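What follows is a set of notes on a single structure, which appears directly below.
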2 protein chains.
Amino acid sequence: MVFSDLVEFGDWFAERRRAQKFDVTRIPLDDLDGWHADPETGDLGHHTGRFFTVEGLDVTSSGREVDAWQQPIINQAEQGVLGILVREFDGVPHCLLQAKMEPGNVNGLQLSPTVQATRSNFTGAHGGRPVDYLEHFLAPRTGRLIYDALQSEQASWFLSKRNRNMIVQVGAEPPLLDDFCWLSFDQISALMREPNLINMDTRSVLAGAVGPSLRGADPDPATFRGAVARSQSAETGARHTTEEVLSWFTEAKNRCTLRRRRIPLSQVSGWSRRDGILTHEHGQHFDVIGVAVQASSREVTSWHQPMFEPRSRGVIAFLVRRIGGLLHVLVQARVETGALDGVEIAPTVQCQPDSYRLMPGRAPMFLDAVLGAPPERVRFDGLLSEEGGRFHQAQNRYLVVEAGDDVPLDPPPTFAWITLRQLTEFVRYGNLLNVEARCLLTIFGFYQEDAP
Amino acid sequence: MVFSDLVEFGDWFAERRRAQKFDVTRIPLDDLDGWHADPETGDLGHHTGRFFTVEGLDVTSSGREVDAWQQPIINQAEQGVLGILVREFDGVPHCLLQAKMEPGNVNGLQLSPTVQATRSNFTGAHGGRPVDYLEHFLAPRTGRLIYDALQSEQASWFLSKRNRNMIVQVGAEPPLLDDFCWLSFDQISALMREPNLINMDTRSVLAGAVGPSLRGADPDPATFRGAVARSQSAETGARHTTEEVLSWFTEAKNRCTLRRRRIPLSQVSGWSRRDGILTHEHGQHFDVIGVAVQASSREVTSWHQPMFEPRSRGVIAFLVRRIGGLLHVLVQARVETGALDGVEIAPTVQCQPDSYRLMPGRAPMFLDAVLGAPPERVRFDGLLSEEGGRFHQAQNRYLVVEAGDDVPLDPPPTFAWITLRQLTEFVRYGNLLNVEARCLLTIFGFYQEDAP
């Protein structure tokens, strides 16, 4: 299925939506079939010991706006595969995406990668059927490998979770199954502007296609899109050499004093069980809720599970700026509590503004510069969902904003201006860019409007 | 101090050796001043809680030749700085190295980096004097940053130890202190052939100079040295794209099932206290010993400490081969028990052959190919020391050997043939190449003989 235009895609997607029956109902945590709270720790786990657990985490010396806290966290050690198959149709690369239902999705169905499988999926722990197209991603493969890196996911909610992000290009056209379709990068870029359509895993994986897809691109240099392409292609003119940027990142790791300690979920201070959910005393951050799921299209058609549901909407934004004629992105080396190495490269702004409502004057740096920018400097502003398998109705506002002169060329030491070329180089190595930065990189790299 | 030839260096070094008085005496572990065994766990620690501890580690599902074992391990969480200052003299880059005594050094004095300092050193935990030249490596710096990465050290003996490896180039000549000298890369390369002279930290750091130093190099293509330079400069012709090599590495991490658990030192099975040391039941691997140190030249002039002393000599080797006219290096994705992420890129062979004497037929792959190579294929064969601050008289045999036709172009899946360009790209990112691979990269990258 290749679409001649997005109206055609819209019809197809509406049809898929009608074809897939599903129902997600909130139920009290105590009523989750197959899940139980450990009598000693209160940790939530599945009776098989698989999938994931919800545990407690004690954080100290984070060096963040709030230095120390305790919270529930998802511990999901097993690594899955997020894979996108690419194939050229009439010389134009297209990605094979899947209209997939996840229990936490806003709108139910979103566009997932070709393969989105935990190890439990493909080793049969769910007792489900085999994962479609998985053979293209497991060795021995026949396609051309474009990208394959072990990448972190939301480190505020996951402890050390990583998935293998893969892109494989094939020559022959594989059989097209129901719920799958081929979309070009330009089409995906346009669909990114639809709220809650392109899912987080798709955005995360496609970050690995930005560099290769911009190779040889030569759009009009007077446009913003042209500036993006030049930021990837220019070999000189970056404000900092790659060695200097890596040193900035090493310095941040060296400075990091973060201490993390797992604690029993029942002892997490500031959180309590109430009305069948686990919730924060000030109604901030997120709730841990239970859901019962019925879904005709999934390997297993009904199950219960706990999920994290944010209490407020987050802001995830890149400030960008042309420096010496070359577009630069303002990134931060951010202490990420759940990340393997404690520090990752993150967007300029990544927060839930509501978390700071009780702490006047301590809002994250550059939040005002992002939210207060005049419309003509806002290059992207969209509501996108986080992963619907673990997060319930989790929407964040993603922005790409051209910075004004009030944003300094020499930012505080945890920030740095870097080029798109440097970002696409870093994304090839795991554990450098966090998931929020990777998602923005995708939005940014496939930017397609011809406005100046 | 710049030397016109190595004879002049030899005189200077002999003079430094005479000037520095030191004495290292073995003493029983129970007699170490300032150190004690925890009454509950038996773990060895310093009374201040600083420096390092010796603990127990339980390893299972390693997937190595031996799948599970227990061992003592050094836990040294604090990150230090290993820094080399570079400056051009008459257009030729020279490194500022230090003739430094370490208690474990074979021959006492070896050539250390400009700065080799733990955080305890520079925050004054030793009660010692300030670290010379340290200001060139801490922000804000004035020199040009060449290399700065957080790198692992011997993961068989250290749990998660990492040091910041740095190279900084300065314009103005800094004051030259006693025990310091300037050596060119060619001089260092020649001195690498002296047993136990260029210390491990120097070799480790200089891996970051291989790429930059070979930029624009154009030696005779008929020589081995020329093949090395071309393996760095050629942009095409690698057997695998960098994406494919990174995918091979991701695959190895994905496959890794390693489980590590800290256990009390007193409960490590197969090891026991005897005659004032902690030793393995078959006399294999290493002993944990105690030493009393007197050293006129060190910040603190006398102290006691535990050290690891290997029971046998290790072999650390690269097999190399010209494939399609381009020199390739055979590396392995090795499960490294003490490394942060469990898997790092390692030399073709890295082992203590003696560990396999009781297990006929289970010796590591390619060990015979390395040790049995005819002399004309052996490009480097030298005895070099591991770090003398923690390891006592630890010598390994480092080899670079051109492979025969019996070594397959399609090796088993944990191995891959990669180019020098790929190695020098990877070394810029921390946690990819292990310390043994970095040391061999330095030997290899500064190779200077003009033999064919």
Side-chain angles (χ1 to χ4, degrees), chain A residues 77-81 83 119 122 137-141 143-152 160 162-169 208-209 211-212 240-257 259 339-343 410 413 425-432, chain B residues 77-81 83 119 122 137-141 143-152 160 162-169 208-209 211-212 240-257 259 339-343 410 413 425-432:
Chain A
E78 66 169 5
Q79 293 165 6
V81 170
R119 188 172 287 265
F122 55 90
F137 299 94
L138 301 183
R141 288 182 297 269
R144 188 165 75 89
L145 196 287
I146 307 286
Y147 173 55
D148 182 3
L150 214 48
Q151 299 284 16
S152 65
S160 303
R162 291 188 294 176
N163 271 319
R164 197 169 166 184
N165 283 228
M166 300 181 75
I167 301 176
V168 172
Q169 182 165 352
H240 307 287
T241 64
T242 297
E243 280 70 25
E244 287 166 350
V245 179
L246 287 170
S247 176
W248 161 84
F249 187 53
T250 301
E251 179 100 29
K253 286 194 181 184
N254 203 231
R255 201 170 43 226
C256 174
T257 53
R259 283 176 179 272
L340 177 73
D341 207 10
V343 180
D410 291 304
E425 179 67 22
F426 294 165
V427 80
R428 306 198 300 167
Y429 296 85
N431 299 318
L432 263 81
Chain B
E78 65 168 7
Q79 294 165 6
V81 169
R119 190 172 286 264
F122 57 87
F137 299 95
L138 301 183
R141 288 182 295 270
R144 187 166 75 89
L145 197 286
I146 308 285
Y147 173 57
D148 182 2
L150 214 48
Q151 300 284 17
S152 64
S160 303
R162 291 188 296 177
N163 271 319
R164 198 169 166 185
N165 283 227
M166 300 181 76
I167 302 175
V168 172
Q169 181 164 354
H240 307 288
T241 64
T242 297
E243 281 70 24
E244 287 166 350
V245 179
L246 287 170
S247 176
W248 161 84
F249 187 53
T250 300
E251 178 101 28
K253 286 195 181 183
N254 202 231
R255 200 169 44 224
C256 174
T257 53
R259 282 177 181 271
L340 177 72
D341 207 9
V343 180
D410 290 305
E425 179 66 21
F426 294 165
V427 81
R428 307 198 299 168
Y429 297 85
N431 299 318
L432 263 81

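In the text below, chain A, chain B and the rest are named by the order of the sequence lines, each starting its count at 1. All figures in this text were calculated on a predicted structure; none of them were measured in a lab.
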Query - Full working for side-chain contact (heavy atoms from CB on, under 4.5 Å) between A:D341 and B:N431 - result: CA-CA 10 Å; A:D341 207 10; B:N431 299 318; 4.1 Å; yes
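Ring geometry, B:F426 versus A:Y429: the interplanar angle exceeds 60°, so the pair is classed perpendicular (tilted spans 30 to 60°).
Closest approach of B:Q79 and A:N254 over heavy atoms only: OE1-ND2, 2.7 Å. Shortest non-hydrogen contact noted between B:A149 and A:T250 is CA-OG1, 3.8 Å.
A distance of 9.0 Å separates CG of B:L246 from CG of A:L145, quoted to the nearest 0.5 Å. Between the CG atom in B:L150 and the CD atom in A:E251 there is a gap of 11.0 Å [rounded to 0.5 Å].
Ranked by heavy-atom pairs under 4.5 Å with chain B, the list A:K253, A:R162, A:E244, A:M166 is led by A:R162.
Using a 4.5 Å cut-off between heavy atoms, A:R164 touches chain B through its side chain atoms alone. Residue B:L432 touches chain A through its side chain alone, counting heavy-atom pairs closer than 4.5 Å. Residue contact with chain A, scored on non-hydrogen atoms closer than 4.5 Å, is absent for B:R144.
Residue-environment remark: CZ (B:R259) stays at or below the threshold of 12 foreign heavy atoms within 6.0 Å.
Checked against side-chain contact (heavy atoms from CB on, under 4.5 Å), B:S160 has no partners two or more places apart in sequence or in another chain.
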